[in-house]
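Okay, so here's the structure we're looking at.
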Number of protein chains: 2
Amino acid sequence: MPRPADPHARDALVSAARAEFARRGLRGARIEDITAACGLSKGAFYLHFPSKEALFGEVVGAFQSEMDALNARRLEAVERFVEAHGIPGPRDRVERSERYQRLVDLETAYDLEALELVWAYRDVSRVLVGGSQGTEFESLLWQVTNTQVSRVAQSFRRLQEAGAVDREMDPELFGSVIVGAYLLLSNQMAGMEQKPDLSAWARTLQKLCQEGTMPRLEVPRSVPGLAAPARAPRPPAPSTRRPQARAKTRSTRTPRNRP
Amino acid sequence: MPRPADPHARDALVSAARAEFARRGLRGARIEDITAACGLSKGAFYLHFPSKEALFGEVVGAFQSEMDALNARRLEAVERFVEAHGIPGPRDRVERSERYQRLVDLETAYDLEALELVWAYRDVSRVLVGGSQGTEFESLLWQVTNTQVSRVAQSFRRLQEAGAVDREMDPELFGSVIVGAYLLLSNQMAGMEQKPDLSAWARTLQKLCQEGTMPRLEVPRSVPGLAAPARAPRPPAPSTRRPQARAKTRSTRTPRNRP
DNA sequence: AATGTGACTGAACCGCGGGTCAGAAATCCA
DNA sequence: TGGATTTCTGACCCGCGGTTCAGTCACATT
């Protein structure tokens, strides 16, 4: 087997591609730029990957499977906790009991792990979020997102049924807020040169979630006019979606009149 | 002036373009598809816009200026409130006093307005977030995002200095969470066929913010181990950003050895 | 009707970038 | 040293899609 392949070529391509994707998006990245960054020629790319989409898919796959694994461990850990200690009730929460604190610590630890994972794949996350619209990967992003939203919503619902969180809150909406926060944070990570204090992030995130969903107990008055009529709710907006598109093709255009 | 232009042509093009951008992203949208959706020919597009980027820029400009205007009104309203009633202190918050409730209502009303605006431009928002990476509009998104993060962080900081919110929280991080929630919600809106109950969304959002940032006062024990060592923080990850890219161009490649 | 004018068409043009492949280069083995 | 073999190069091809423009059409005016 003469002329052994450069052992770093494949890794170098992956790294360069990730950087290029992060800069220009999936569509915008040019294979020649990727190979040039590794000191290779365009043709060399195809010795390792059939297309840039395939390369990206490989990286995304790794990201997704790690995320899935983490998710599974997290679900299992919470399950074990509930079996051992039961679901915290309203009292646990407002009094910040030992077992409530334990659960919060558990969740915080997993939030931190999730943040670490996102940090490691922050560039990929950025591309998935911001540069894969109209590609095969767009749906994948929503798949991951919705999985997370569901997970959060599910555990939220359980606490809700136990009376441990405000019953008026929509679990799905709550989940969206949390996941949305992750998405923006991951995008911000992509622009950072050094790692932020993810541990502090995880703590703040948990605090926000825990305190923000405290059930109403010793509340003095019951918050009547929260909905607030929101003066002048603004007219529906200048333009909605496709108001009067005229015809599918040029065939059916109405002639201005007949001679 | 014979052959008057079809009065709907321009609007139809804008609508069709927005739909197409939302489907395929800025880069992925094809001008011929846009014009075909209006029953026009490709050439007609250039009678109205110099390029698809120009069209998009026009729509984005409208979005941005409405957002800026709303932002200005909001800042002014909060300023007026503070002048009239002062900044709520810790007591106001934990007791949910009248003036605290007023401020929450005010914020909720503006959140609702913002959500309404995002709803009207949900397709544009989706493209800005998810389909403009590597284009001239990418920076614009971050400009808008950062403006909002700063606004939230600023008002957060003020409350923090008054002792009305937890001092341990990073204002910028808090802002990112809120804005991130908006971004994900706007993306989810883009896939909805009918308008959700934005008023409920605004309420939940505010509740989360308000309760989630409650200062520590009558807490029984002072929450010692929140930081949680987070077992096995995971090795830095399989791949970081461009570890060993070899050379800028093919010129400086190291020959494997000399004959 | 004839004519002028501006809206609109669509074939043609062209650059960009993905993908190919004949050949050069590198390495091993005899 | 001279094949044998595999890696890697880079010129080339080609389709896609943005852009152009000569020609056509619809309408107003005369």
Side-chain angles (χ1 to χ4, degrees), chain A residues 1-13 16-17 20-21 23-57 131 134-136 245-259, chain B residues 1-13 16-17 20-21 23-57 131 134-136 246-247 249-259:
Chain A
M1 68 296 332
R3 180 95 200 240
D6 183 336
H8 304 313
R10 196 186 155 93
D11 288 349
L13 282 173
E20 212 47 38
F21 290 153
R23 197 183 342 275
R24 317 251 188 211
L26 190 51
R27 228 179 239 275
R30 279 164 296 183
I31 290 184
E32 206 155 14
D33 289 346
I34 295 170
T35 54
C38 316
L40 292 173
S41 70
K42 191 161 65 158
F45 184 90
Y46 293 93
L47 296 173
H48 299 279
F49 304 95
S51 67
K52 60 178 173 178
E53 285 76 17
L55 191 164
F56 188 65
T135 74
E136 56 191 306
R246 270 176 285 160
K248 285 293 178 208
T249 65
R250 78 240 134 59
S251 59
T252 50
R253 301 196 61 217
T254 59
R256 222 52 69 84
N257 71 21
R258 283 305 180 88
Chain B
M1 66 298 334
R3 183 90 199 245
D6 183 334
H8 303 313
R10 196 187 154 92
D11 289 348
L13 281 173
E20 211 50 34
F21 289 152
R23 195 179 348 272
R24 318 253 188 208
L26 190 51
R27 236 179 233 275
R30 279 164 295 182
I31 290 183
E32 203 155 16
D33 289 346
I34 294 170
T35 53
C38 317
L40 292 174
S41 70
K42 198 158 60 155
F45 185 90
Y46 293 94
L47 297 172
H48 300 278
F49 304 95
S51 68
K52 60 178 174 178
E53 284 76 18
L55 190 163
F56 187 66
T135 74
E136 56 191 307
R246 271 177 284 160
T249 63
R250 80 239 134 59
S251 58
T252 51
R253 302 196 62 217
T254 60
R256 219 57 65 83
N257 71 21
R258 283 308 180 89

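For the numbers below, each heavy atom of this structure counts, side chains included, while hydrogens, waters and symmetry mates do not. Keep in mind the model is a prediction, meaning the values are calculated, not measured. Residue numbers begin at 1 in each chain, while the letters A, B, ... track the order of the sequences.
- Judged by distance alone, the side chain of B/Lys52 and the main-chain N or O of B/Arg27 form a donor-acceptor pair under 3.5 Å.
- A straight line from CD of B/Glu20 to C1' of D/dG17 spans 13 Å, rounded to a whole angstrom.
- Going from atom CZ of A/Arg30 over to atom P of C/dG15 covers 16 Å, rounded to whole Å.
- Each of C/dT9, D/dT19, D/dC12 was ranked by its minimum atom distance to the side chain of B/Ser41; first place goes to C/dT9.
- Near DNA chain D, meaning a heavy atom under 4.0 Å from it, residues 49-56 of chain A has no residue at all.
- How far CG of A/Asp33 is from NZ of A/Lys42: 10.5 Å, rounded to the nearest 0.5 Å.
- The separation between A/His48 atom NE2 and C/dG19 atom C1' is 16 Å, rounded to whole Å.
- Going from atom CD of B/Glu32 over to atom C1' of C/dA12 covers 13 Å, rounded to whole Å.
- Contact annotation: the side chain of B/Phe49 approaches that of B/Arg10 to within less than 4.5 Å [non-hydrogen atoms, C-beta and beyond].
- The separation between A/Ile31 atom CD1 and C/dG17 atom C1' is 9 Å, rounded to whole Å.
- Of the residues near DNA chain D, B/Tyr46 and A/Gly43, the one whose nearest nucleotide (by heavy atom distance) lies more toward the 5' end is A/Gly43.
- Spacing between atom CG of A/Leu47 and atom P of C/dA25 amounts to 17 Å, rounded to whole angstrom units.
- A side chain to side chain contact (heavy atoms under 4.5 Å, CB included) with A/His48 holds for exactly one of A/Asp11, A/Leu13, A/Leu40; it is A/Leu13.
- Between the CG atom of A/Leu13 and the P atom of D/dT7 there is a distance of 14 Å, given to the nearest Å.
- Shown here for A/Ala16 and A/Cys38, the closest heavy-atom pair between the two residues is CB-SG, 3.6 Å.
- In the set C/dG18, D/dG18, C/dC8, the nucleotide with an atom closest to the side chain of B/Lys42 is D/dG18.
- B/Leu55 is listed as a side-chain neighbour of B/Phe21, based on a closest heavy-atom distance under 4.5 Å.
- Atom NE2 in B/His8 sits roughly 17 Å away from atom C1' in C/dC8 (whole-Å rounding).
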